[in-house]
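Notes follow once the structure below has been shown.
Every heavy atom of this structure was used, including side-chain atoms; hydrogens, water molecules and symmetry mates were not.
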Amino acid sequence: HVLLFLTYRCNLRCSFCLSFNNYWKPESKLNLPEAIVESEMSTKDIIERVIPQCVENNVDVIALSGGEILLRSDIDVIFKELGKAKIRWCFDSNLMFCTKSIAKEVINASCDAVFVSIDGTREIHNKLRRSKKAYDKCIEGLENLTQAKSEAVTSETSIIINCVIQPRNEQVPPDSS
């Protein structure tokens with residue numbers, strides 16, 4: 001398995017995020033600290049070097065992660081290249097930027113799994129994510145993804161909902177219906 005961090009940028013500032021709170025920026029176009037900018041690989045490096053090396057070395061799965069990978073303006077290109085490479089791949093996301101177009105790209109590129117966290121009711125999720133729109137935008141992205149999957153001729157993409165259990169939500173887990 002290869003864990004590929006595509007970006008340290010994130011549109012949220014989750015209260016429990018240990019990895020990225022120091023790097024949080026509210027907008028993807030804001031200047032990032034130099035160390036972070038240098039660690040974000042170019043599209044060219046990913047599609048001409050990383051993906052081919054993974055294929056050549058028989059990597060079982062590439063897991064895309066980071067801050068929020070859907071903030072990358074080239075994410076559709078990366079998804080297409082992963083699909084062409086016929087390698088298993090998955091990603092985690094808050095799905096707030098999962099438009100109908102992005103959702104179709106995910107399905108068409110034969111993504112194996114999408115992981116999204118819903119951490120409680122709308123009120124609790126939004127509080128933990130420090131955003132009044134997090135829950136509704138996540139559900140909208142989830143609906144776009146499930147619609148794209150249902151419209152596809154074939155799709156084996158799994159949509160997996162996680163819940164980060166912590167003291168601030170343990171008494172009110174998300175409704176699984």
Side-chain angles (χ1 to χ4, degrees), residues 1-26 28 32 36 39-41 43 46-47 50-51 54 59-83 85 87-120 124-131 133-149 155-166 168-169 173-174 176:
H1 288 71
V2 167
L3 178 60
L4 179 58
F5 271 67
L6 293 181
T7 185
Y8 284 97
R9 291 178 286 143
C10 190
N11 57 304
L12 295 175
R13 51 186 176 161
C14 303
S15 61
F16 53 86
C17 185
L18 301 174
S19 300
F20 305 109
N21 271 339
N22 292 334
Y23 304 126
W24 175 81
K25 296 290 177 190
S28 63
L32 294 168
I36 292 172
S39 64
E40 192 167 301
M41 280 190 269
T43 310
I46 293 167
I47 64 175
V50 176
I51 295 172
C54 288
V59 168
D60 189 40
V61 176
I62 298 176
L64 308 177
S65 191
E68 175 51 52
I69 70 163
L70 298 183
L71 286 175
R72 283 190 67 128
S73 60
D74 61 352
I75 198 64
D76 57 332
V77 174
I78 294 168
F79 288 167
K80 285 177 188 171
E81 290 300 318
L82 286 164
I87 192 165
R88 294 177 59 217
W89 65 283
C90 62
F91 70 96
D92 56 81
S93 172
N94 61 41
L95 293 184
M96 290 180 68
F97 294 93
C98 188
T99 63
K100 290 181 181 189
S101 173
I102 291 292
K104 286 179 184 176
E105 291 293 342
V106 169
I107 300 303
N108 291 340
S110 302
C111 177
D112 289 281
V114 178
F115 298 88
V116 60
S117 290
I118 299 177
D119 300 317
I124 290 172
H125 184 85
N126 288 347
K127 184 176 181 180
L128 294 173
R129 303 285 172 168
R130 297 180 180 159
S131 167
K133 299 177 182 179
Y135 184 88
D136 290 335
K137 292 296 287 178
C138 174
I139 297 301
E140 181 182 320
L142 194 54
E143 288 170 350
N144 289 340
L145 198 55
T146 55
Q147 180 180 351
K149 182 177 175 172
S155 174
E156 299 201 15
T157 302
S158 296
I159 301 169
I160 300 165
I161 299 175
N162 295 320
C163 180
V164 178
I165 302 293
Q166 55 189 297
R168 291 167 281 187
N169 72 346
S176 62

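Legend: side-chain hydrogen bond (donor to acceptor under 3.5 Å, both in side chains) pairs involving residues 89-104, not counting sequence neighbours, sorted by first then second residue: Asn11-Asn94, Ser65-Asp92, Glu68-Ser93, Glu68-Asn94. Identified under the salt bridge (charged side-chain N to carboxylate O under 4.0 Å, His left out) test for residues 138-147, with sequence neighbours left out: Lys137-Glu140.
Around CD of Glu156, the count of heavy atoms belonging to other residues, nucleotides or ligands within 6.0 Å does not exceed 12.
Shown here for Lys149 and Ser155, the closest heavy-atom pair between the two residues is CG-OG, 3.6 Å. Residues Ser131 and Met96 share a closest heavy-atom pair of OG-CE, 4.3 Å. The two atoms that bring Phe79 and Glu105 nearest to each other are CD1-CB, 4.3 Å, heavy atoms only. Nearest approach of Ala85 to Ile51, heavy atoms of both residues: CB-CG2, 3.6 Å. The two residues His125 and Ser117 have their closest heavy-atom pair at CE1-O, 3.3 Å. The shortest non-hydrogen separation linking Cys90 to Cys111 is CA-SG, 4.1 Å.
Looking at residues two or more places apart in sequence or on another chain, you find a side chain to side chain donor-acceptor pair (under 3.5 Å) between Glu81 and Lys84. Every side chain to side chain contact (heavy atoms under 4.5 Å, CB included) that Ser158 has, sequence neighbours left out, goes to Ala113, Ile160. Taking Val50 as the reference, Leu4, Met41, Cys54 meet the side chain to side chain contact (heavy atoms under 4.5 Å, CB included) condition, with sequence neighbours excluded. The side chain to side chain contact (heavy atoms under 4.5 Å, CB included) search around Arg88 returns Asp60, Val61, Asp112, not counting sequence neighbours.
No side-chain heavy atom of Asn144 sits under 4.5 Å from any side-chain heavy atom of Leu95. The closest side-chain heavy-atom distance from Leu6 to Ile75 is below 4.5 Å. Counting only heavy atoms from C-beta outward, the side chains of Tyr135 and Asp119 never approach each other to under 4.5 Å. The closest side-chain heavy-atom distance from Leu142 to Ile161 is below 4.5 Å. Contact annotation: the side chain of Ile47 never approaches that of Lys80 to less than 4.5 Å [non-hydrogen atoms, C-beta and beyond]. You'll find the side chain of Val77 stays beyond 4.5 Å of the side chain of Ile46, heavy atoms only.
One distance of note links CG of Leu70 with SG of Cys98; it measures 6.0 Å at 0.5 Å rounding. The CD1 atom of Ile69 lies 10.0 Å from the OG1 atom of Thr7; values are rounded to the nearest 0.5 Å.
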Is there a side-chain contact (heavy atoms from CB on, under 4.5 Å) between Leu82 and Leu64 once you walk through the steps? CA-CA 11 Å; Leu82 286 164; Leu64 308 177; 3.7 Å; yes
